[in-house]
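Here is the structure we will look at.
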Amino acid sequence: MKPVVVGIVTALVLCAAIYAGSRGLHSFDSALVPYAVASVFLAFGIAYRYTVWISSPGARRLFRKGWGAALSWQNLRKAPTALPRMIATYLGFQKFLGARSRARWAAHQLLFWGCLLAAAITFPLVWGWFTFTSNTGAGPAYTMNVWGFGVVRFDALSPLGWLLFHGLDLAAVLVIAGATYFLVRRMRDREASTGQRFGYDFVPLLALIVISVTGLLLTFSSALLHGGGYEFVAVLHLAAVVLTLLYLPFGKFFHIVQRPAAVGMQLFKYTGAGQVQPCRVCGEPIDTTEYVDNLRATMRDLDLRFDAMALTCPRCKRLQRGQAYRTEVKRGF
């Protein structure tokens with residue numbers, strides 16, 4: 001019941017923010033109602049799924065330790081640059097992916113920044129928070145308004161004007177490049193294809209590609225075809241966006257919402273780097289003492305009765321498993 005209540009409250013808060021940010025719906029575009037309704041359901045879904053997620057012992061401990069470390073005044077005084085640096089490297093540029101493959105890292109960066117740019121433009125426009133007005137009615141001089149207040153005046157024919165009006169097209173190009181790489185990799189790479197599921201692994205990539213391609217087709221239709229086929233493509237684009245927003249909280253895209261808690265956990269490990277837990281077999285360092293203790297506590301919360309194994313390094317665990325297999329399963333092997 002609690003996740004439902006949290007989801008409803010979150011959706012109502014977003015509705016109130018839309019009403020206030022659009023000045024009582026004065027600057028709200030009625031043609032964008034389906035997108036706005038889908039975003040409200042998205043807010044409900046994310047809040048509901050997040051509440052369900054942190055209700056499990058492991059996720060709850062990750063949530064508390066991660067956000068506790070991120071919001072700790074003691075950590076801020078101890079390492080004032082640690083949190084911004086980890087947000088930039090772990091959340092923004094995802095350097096941990098570069099250790100696996102530079103190509104995967106580059107493709108993920110295209111996908112990440114393309115989606116981030118599209119969201120930063122789309123949601124404020126849909127909610128009526130951003131509007132563009134012209135005193136002449138046809139330009140080329142425009143004013144960008146935020147919550148009804150004029151912020152930037154620009155010429156639509158200038159480089160700035162081109163970027164503002166074609167930001168979604170640039171985002172679409174980035175997303176298509178990144179999503180296509182991962183789609184091809186999942187079809188050709190045996191490592192990536194092992195254990196993959198169509199609904200979980202392929203549908204998100206296909207949805208992003210469909211949204212991006214139809215978005216570019218809208219620009220192509222209005223710029224070169226004098227609006228030919230615009231209505232059909234607009235309906236297709238609308239359907240793709242709405243269905244993706246409804247799918248987002250319950251599919252693979254949910255890791256976008258989970259990732260900030262992992263950044264806090266990285267900070268938790270960093271700030272506890274004073275003491276290192278050695279392996280009880282070989283003495284090699286495993287991780288920080290606080291992190292290992294937290295892992296063992298999580299295993300006990302889950303009623304896993306082998307939390308002492310957290311005191312053994314991965315290499316010694318493999319050796320112990322091999323010895324047990326040779327002794328108990330394949331004697332004389």
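Since the model is a prediction, treat every value here as computed from it, not as a measurement. Sequential numbering from 1 along the given sequence is applied to the chain's residues.
- In this structure, F254 and P249 approach most closely via the heavy-atom pair CD1-O, 3.5 Å.
- By the criterion of side-chain heavy atoms lying less than 4.5 angstrom apart, applied directly or through intervening Ile, Leu, Val, Met, Phe, Trp or Tyr residues, V210 is not grouped with F232; the two fall into different hydrophobic clusters.
- Under a 3.5 Å cut-off, the side chain of H26 and the backbone N or O of R23 do not form any donor-acceptor pair.
- Annotation: side chain of T122 is not in contact with side chain of F130 (no heavy-atom distance under 4.5 Å).
- Nearest heavy atoms, I121 versus P124: O-CD, 3.6 Å.
- The cluster map of Ile, Leu, Val, Met, Phe, Trp and Tyr, joined by side-chain heavy atoms under 4.5 Å apart, puts V126 and W147 in the same cluster.
- Clustering ILVMFWY residues whenever any of their side-chain heavy atoms sit less than 4.5 angstrom apart, transitively, puts V213 in the very cluster that holds F202.
- Between R315 atom CZ and L319 atom CG the span is 5.0 Å, to the nearest 0.5 Å.
- Of all heavy-atom pairs spanning C279 and C316, the tightest one is SG-SG, 3.8 Å.
- Using a 4.0 Å cut-off between a side-chain N of Lys or Arg and a carboxylate O of Asp or Glu, D303 and R305 qualify as a salt bridge.
- A donor-acceptor contact closer than 3.5 angstrom links the side chains of T133 and N145.
- Residues L245 and F41 fail the side-chain proximity criterion, which asks for heavy atoms closer than 4.5 Å.
- In R280, the CZ atom is crowded: over 12 heavy atoms of neighbouring residues, nucleotides or ligands sit closer than 6.0 Å.
- Grouping the Ile, Leu, Val, Met, Phe, Trp and Tyr side chains by contacts below 4.5 angstrom, directly or via other members, places V9 apart from L12.
- Of the possible polar contacts, none joining the T143 side chain to the G150 backbone as a donor-acceptor pair under 3.5 Å is found.
- When atom types are taken as modelled, the side chain of H237 and the backbone of I211 share a donor-acceptor pair closer than 3.5 angstrom.
- Between W129 and I18, the shortest heavy-atom distance links the atoms NE1-CA, 3.8 Å.
- A cation-pi arrangement is absent between R104 and F182 under the rule of less than 6.0 angstrom and at most 45 degrees off the ring axis.
- With a 6.0 Å radius and a threshold of 12 heavy atoms from other residues, nucleotides or ligands, H255 has its NE2 atom above the threshold.
- Checked by atom type and distance alone, the side chain of Q320 never pairs as donor or acceptor with a backbone atom of T312 at under 3.5 Å.
- Within the 4.5 Å cutoff, no side-chain heavy atoms of T10 are placed close to those of F44.
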Point to revise | Chi angles and distances behind the side-chain contact (heavy atoms from CB on, under 4.5 Å) call for Y48, V6 | key: CA-CA 6 Å; Y48 173 86; V6 173; over 6 Å; no
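- Across D155 and S158, no two heavy atoms sit closer than the pair O-OG, 2.6 Å.
- Formation of a donor-acceptor pair under 3.5 Å by the T244 side chain with backbone atoms of A207 is not found in this model.
- In this structure, the side chains of Y142 and R153 stay at 4.5 Å or more apart for every pair of heavy atoms.
- Partners of Y19 by ring pair (Phe, Tyr, Trp, His ring centres under 6.0 Å), not counting sequence neighbours: none found.
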**Study point:** W105 vs H108, side-chain contact (heavy atoms from CB on, under 4.5 Å): CA-CA, chis, key distance, verdict
**Key:** CA-CA 5 Å; W105 173 82; H108 199 278; 5.8 Å; no
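- When ring centroids are compared, F154 and F165 come within the 6.0 Å threshold.
- Within the model, atoms CZ of F250 and CZ of R49 stand 7.5 Å from one another, a figure rounded to the nearest 0.5 Å.
- At least one side-chain heavy atom of L311 sits under 4.5 Å from a side-chain heavy atom of R296.
- The main-chain N or O of G229 is never found under 3.5 Å from a side-chain atom of E231 such that the two would form a donor-acceptor pair.
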Please list, one pair per line, the donor and acceptor atoms closer than 3.5 Å that link side chains of residues 167-178 to other protein atoms, with sequence neighbours excluded.
unit_1	atom_1	unit_2	atom_2	d
D169	OD1	T219	OG1	2.9
D169	OD2	H166	ND1	2.9
D169	OD2	T219	OG1	3.1

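- When the ring pair (Phe, Tyr, Trp, His ring centres under 6.0 Å) test is applied to F123, the partners found at least two apart in sequence or on another chain are W127.
- The shortest distance between side-chain heavy atoms of V233 and S221 does not fall below 4.5 Å.
- Put simply, the side chain of T51 gets close to the backbone of A47: a donor and an acceptor are under 3.5 Å apart.
- In this structure, I46 and L248 have side chains that are in contact, with non-hydrogen atoms separated by less than 4.5 Å.
- Across every non-hydrogen atom of C313 and I286, the tightest pair is N-CD1, 3.9 Å.
- Linking ILVMFWY residues whenever their side-chain heavy atoms come closer than 4.5 Å, directly or via other members, leaves W113 and L205 in distinct clusters.
- By the 4.5 Å heavy-atom criterion applied to side chains, L183 and L206 are counted as neighbours.
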Review point. Would L208 and C115 count as a side-chain contact (heavy atoms from CB on, under 4.5 Å) if you check the C-alpha gap in whole Å, the side-chain angles of each, and the deciding distance to 0.1 Å?
Key: CA-CA 9 Å; L208 291 177; C115 290; 4.2 Å; yes
